[in-house]
Visitor: 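For reference, the structure I am asking about is given below.
We number each residue from 1, following the sequence as shown.
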Amino acid sequence: MTEKPWDGRFSEETDNAVEAFTSSIEIDRHLYQHDIDGSIAHCRMLAKAGIITQDESLTLIDGLEKIRSEITAGSFEFSDSLEDIHMHIEDRLAAHAGNISQKLHTARSRNDQVALDVRLYLRAESRKIIHGLLQLRKVLVDMAGRYIDVVIPGYTHLQRAQLVLFSHHLMAYYEMFARDSQRFADGLKRINVMPLGSAALAGTTYPIDREYTASLLDFHTVSENSLDSVSDRDFVIEFLAAASLCMVHFSRFSEELVLWSSSEFKFIELSDAFSTGSSIMPQKKNPDVPELVRGKTGRVFGSLIAILSLMKSLPLAYNRDMQEDKEPLFDAVKTLHACIDIYTRMLPNITVNKFEMGMAASKGYLNATDMADYLVCRGMPFRQAHGCVGQAVGYALGKKKELHELTLDELRSFSELIDEDIFEALTTRQMIERRQSFGGTSTKNVKAAIDRAVKRIDEEGLEVLTWQLNVLTPSCRT
Ligand code: ARG
């Protein structure tokens, strides 16, 4: 049985079952780097404020760095009796710093400590996710450039609707992932707030310098209200909402890849390296990667709902319930990283079946709107043109022909306004190139959208680079 920091007030030892039940070490041990960074910044601040001496601070920091090495090397022993990562590190500090270790927890509590750790963790992970999404966006833009001459049926209600460039379809996903990046970046503003110094709930009697701690840990601001600081997990929920939305995008893309790789569509083929076979049906090649990404979406939604439910109705300030936040959060972060990574690897290895896409695009009356537009250009009101083309489609269906396969005489039987140039208006090239409204699918538009995306990726890449440099040399360690 390990001594507890609260032994003074207790006359009975903690029951083993309670130790096991309340312990979170298996989960929060993953926060050790952030916990140690936070403790080092705290030591420096305590020394600067004259609450401990410079020598004491250096002894504590030296001990904390030794613990960091022990945990990283895997030689650190974890046990349920020490509950969480904060108590493990403080307990072990005695072995390296002797009695001075007892000064580390001056002017802080585990309540503000854990809030700090989760913020440091989520700041680092959000940045990694933004970086990962940037790589994925690059892949999409590269593909959009590479397949700029490929057409695909665009769908509504999963019925062939109008022709689009395959690149336009890919760039739609680029836009979704760009918005996801923005959401994570926006969430960072609220994650990047320093809670330490709020202590248990009411602040502290020591003359601490919270701004200094914040600057050592590269935080932009210091939290305003001590009660809120120790009980706020809004930033976790916001992150999980952004992660859920990002997974919605992945699940939609996955659904399309699954459909497109089926024998019914044959639009794409996933490479062998990114597919699996069946243990019974020798002919099968299954799209397991997109299927699993689609399936993992539910896990991330689950994490969001778990933490919303966890926080709902909790009275101020810290409640032990909140210890349950880490497992769903870590799982969602791990899942999202894995999905971003596998997509970034899988997409460039997809074979695009230009011929099948083109074939599908040439059947199903995808040029019906274009025929209506043709009539409108010759003075017919749109609603009338819609009805006229509807009749032409009905007639063509009966003849088992496409609109452009009807003769001029057949077409003219629906409107005298139709001339020989109708056939040019119904070609694939015209259907694509005439859609020049901003955001439309003409090649010129899509190329311009790709150029804008490349520029944006370069700009955002520079910002990500500065984060990466900061991660290499966090100011609290220098
Ligand atoms: N392991 C705890 C958590 O993750 C740390 C805070 C504990 N605070 C307390 N008063 N027991 O929430």
Visitor: Just how far is it from atom CD1 of Ile152 to atom CD1 of Ile268, taken to the nearest 0.5 Å?
Guide: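 Reported value, rounded in 0.5 Å steps: 9.0 Å.
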Visitor: Counting distance only, does the side-chain N/O of Ser23 pair as donor-acceptor with the main-chain N or O of Glu19 below 3.5 Å?
Guide: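 Checked: no pair found.
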Visitor: Please test Leu133 against Ile129 for side-chain contact (heavy atoms from CB on, under 4.5 Å), starting from the C-alpha separation and ending with a verdict.
Guide: CA-CA 6 Å; Leu133 285 173; Ile129 284 165; 4.1 Å; yes
Visitor: Only one of Arg127, Arg123, Lys128 passes salt bridge (Lys or Arg N to Asp or Glu O under 4.0 Å) with Glu125; say which it is.
Guide: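 Considering Arg127, Arg123, Lys128, a salt bridge (Lys or Arg N to Asp or Glu O under 4.0 Å) with Glu125 is found only for Lys128.
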Visitor: Taking only residues two or more places apart in sequence or in another chain, which ones pass salt bridge (charged side-chain N to carboxylate O under 4.0 Å, His left out) with Lys354?
Guide: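 Applying salt bridge (charged side-chain N to carboxylate O under 4.0 Å, His left out) to Lys354 gives Asp149.
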Visitor: Using modelled atom types and a 3.5 Å cut-off, is there a donor and acceptor pairing between side-chain atoms of Ser226 and backbone atoms of Leu201?
Guide: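 Here the side-chain-to-backbone pair exists.
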Visitor: Give every donor-acceptor pair under 3.5 Å between a side-chain atom in residues 158-168 and any protein atom, sequence neighbours left out.
Guide:
residue	atom	partner	partner atom	Å
Arg160	NH1	Ala360	O	3.0
Arg160	NH1	Lys363	O	3.1
Gln162	NE2	Thr369	OG1	2.9
Ser167	OG	Ala144	O	2.7
Ser167	OG	Tyr147	O	3.2
Ser167	OG	Ile148	N	3.4
His168	NE2	Gly439	O	3.4

Visitor: Hey, is Lys447 close enough to Asp451 for a salt bridge, meaning N to O under 4.0 Å?
Guide: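 No, no charged N to carboxylate O under 4.0 Å.
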Visitor: So, the side chain of Ser39 versus the backbone of Ile36: is there a donor-acceptor pair under 3.5 Å, distance only?
Guide: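 Absent.
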Visitor: Let me have the donor-acceptor pairs involving side chains of residues 91-101, under 3.5 Å, with sequence neighbours excluded, atom names and distances please.
Guide:
residue	atom	partner	partner atom	Å
Arg92	NE	Glu70	OE1	2.9
Arg92	NH2	Glu70	OE2	2.9
His96	NE2	Glu70	OE2	2.8
Ser101	OG	Gly98	O	2.8

Visitor: Sub-3.5 Å donor-acceptor pair from the side chain of Asp232 to the main-chain atoms of Asp234, do we have one?
Guide: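 At least one qualifying donor-acceptor pair exists.
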Visitor: Between Ser223 and Arg210, what is the shortest heavy-atom contact and its length?
Guide: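 Minimum heavy-atom contact is OG-NH2, 2.8 Å.
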Visitor: Report yes or no: do Asp35 and Gln113 form a side-chain donor-acceptor pair below 3.5 Å?
Guide: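 Yes, because at least one side-chain N or O of Asp35 sits under 3.5 Å from a partner of the opposite role on Gln113.
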Visitor: Looking at Glu255 and Pro290, would you say the former's side chain and the latter's main chain have a donor-acceptor pair under 3.5 Å?
Guide: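 Checked: no pair found.
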Visitor: Using atom types as modelled, flag every donor-acceptor pair under 3.5 Å from a side chain in residues 236-243 to any protein atom, sequence neighbours excluded.
Guide:
residue	atom	partner	partner atom	Å
Glu238	OE1	Arg190	NE	3.0
Glu238	OE1	Arg190	NH2	2.8
Glu238	OE2	Arg190	NE	2.8

Visitor: Would Glu83 and Arg110 count as a side-chain contact (heavy atoms from CB on, under 4.5 Å) here? Give the steps.
Guide: CA-CA 12 Å; Glu83 260 191 25; Arg110 277 187 296 157; 2.7 Å; yes
Visitor: Do the side chain of Ser198 and the main chain of Pro195 share a donor and acceptor less than 3.5 angstrom apart?
Guide: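 Checking the backbone N and O of Pro195 against the side chain of Ser198, a donor-acceptor pair under 3.5 Å is found.
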Visitor: If we check side chain to side chain contact (heavy atoms under 4.5 Å, CB included) with Leu60, which of these qualifies: Asp55, Ile52, Leu46?
Guide: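 Only match with Leu60 under side chain to side chain contact (heavy atoms under 4.5 Å, CB included): Ile52.
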Visitor: Does a side chain donor of either His86 or Glu90 reach within less than 3.5 Å of an acceptor in the other side chain?
Guide: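 There is no such pair between these side chains.
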Visitor: Quick one: are the ring centres of Tyr173 and His249 less than 6.0 Å apart?
Guide: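 No, they do not, as the ring centres are separated by 6.0 Å or more.
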Visitor: About how many Å separate CZ of Arg137 and CD1 of Ile340, when rounded to the nearest 0.5 Å?
Guide: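 Answer rounded to 0.5 Å: 11.0 Å.
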Visitor: Does this structure show an ion pair linking Arg345 with Asp341, if we count only N-O contacts that are shorter than 4.0 Å?
Guide: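 A salt bridge links Arg345 with Asp341.
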Visitor: Tell me, do Trp260 and Pro287 make a side-chain contact under 4.5 Å, heavy atoms counted?
Guide: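 Not touching, per the 4.5 Å side-chain cut-off.
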Visitor: When you measure from the side chain of Asp28 to the backbone N and O of Ile85, does any donor-acceptor pair fall under 3.5 Å?
Guide: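 Yes; at least one donor-acceptor contact below 3.5 Å.
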Visitor: Any salt bridge linking Glu65 with Arg68? Criterion: basic side-chain nitrogen under 4.0 Å from a carboxylate oxygen.
Guide: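 A salt bridge is present here (some side-chain N lies under 4.0 Å from a carboxylate O).
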Visitor: For Ile27, does its backbone N or O pair with a side-chain atom of Ser24 as donor and acceptor, under 3.5 Å?
Guide: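 Here the side-chain-to-backbone pair does not exist.
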Visitor: Would you mind reporting whether Tyr174 and Ile457 have side-chain heavy atoms less than 4.5 Å apart?
Guide: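 Touching, per the 4.5 Å side-chain cut-off.
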Visitor: Determine yes or no for a side-chain-to-main-chain donor-acceptor pair under 3.5 angstrom, with Asn319 supplying the side chain and Asp321 the backbone.
Guide: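 Between the backbone of Asp321 and the side chain of Asn319 there is no qualifying donor-acceptor contact (under 3.5 Å).
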Visitor: If we ignore angles and hydrogens, is there a donor and acceptor under 3.5 Å between the side chains of His88 and Glu77?
Guide: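 Looking only at side-chain atoms, Glu77 and His88 do not form any donor-acceptor pair under 3.5 Å.
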Visitor: Among pairs that include at least one residue of residues 296-309, which meet side-chain hydrogen bond (donor to acceptor under 3.5 Å, both in side chains), considering only residues two or more places apart or in two chains?
Guide: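 Sorted result for residues 296-309: Arg299-Asp331.
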Visitor: For this output row, return yes or no: ring centroids of Tyr32 and Phe76 closer than 6.0 angstrom.
Guide: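 For Tyr32 and Phe76, the ring centres are not under 6.0 Å apart.
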Visitor: Given 3.5 Å as the limit, does a donor-acceptor pair link the side chain of Thr53 with the main chain of Glu56, or not?
Guide: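 Yes, the answer is positive, given that a donor and an acceptor are paired below the 3.5 Å cut-off.
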Visitor: Identify, with sequence neighbours excluded, every residue that meets side chain to side chain donor-acceptor pair (under 3.5 Å) alongside Lys326.
Guide: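 Lys326 satisfies side chain to side chain donor-acceptor pair (under 3.5 Å) with no residue once adjacent residues are dropped.
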Visitor: Should the ring pair Tyr121 and His34 be called parallel, tilted or perpendicular, given that the plane angle runs from 0 to 90° and is split at 30 and 60?
Guide: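 Plane angle over 60°, so perpendicular.
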Visitor: What's the shortest heavy-atom distance between Ala449 and Met171, and which atoms?
Guide: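 Where Ala449 meets Met171 most closely, the heavy atoms are O-CE, 3.8 Å.
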Visitor: Does a salt bridge link Asp84 with Arg29, judged by any charged N lying under 4.0 Å from a carboxylate O?
Guide: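 Answer for the salt bridge query: no.
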Visitor: Using distance alone, with no hydrogens and no angle criterion, decide if Arg179 and Gln182 have a side-chain donor and acceptor under 3.5 Å apart.
Guide: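 No, Gln182 and Arg179 have no side-chain donor paired with an acceptor closer than 3.5 Å.
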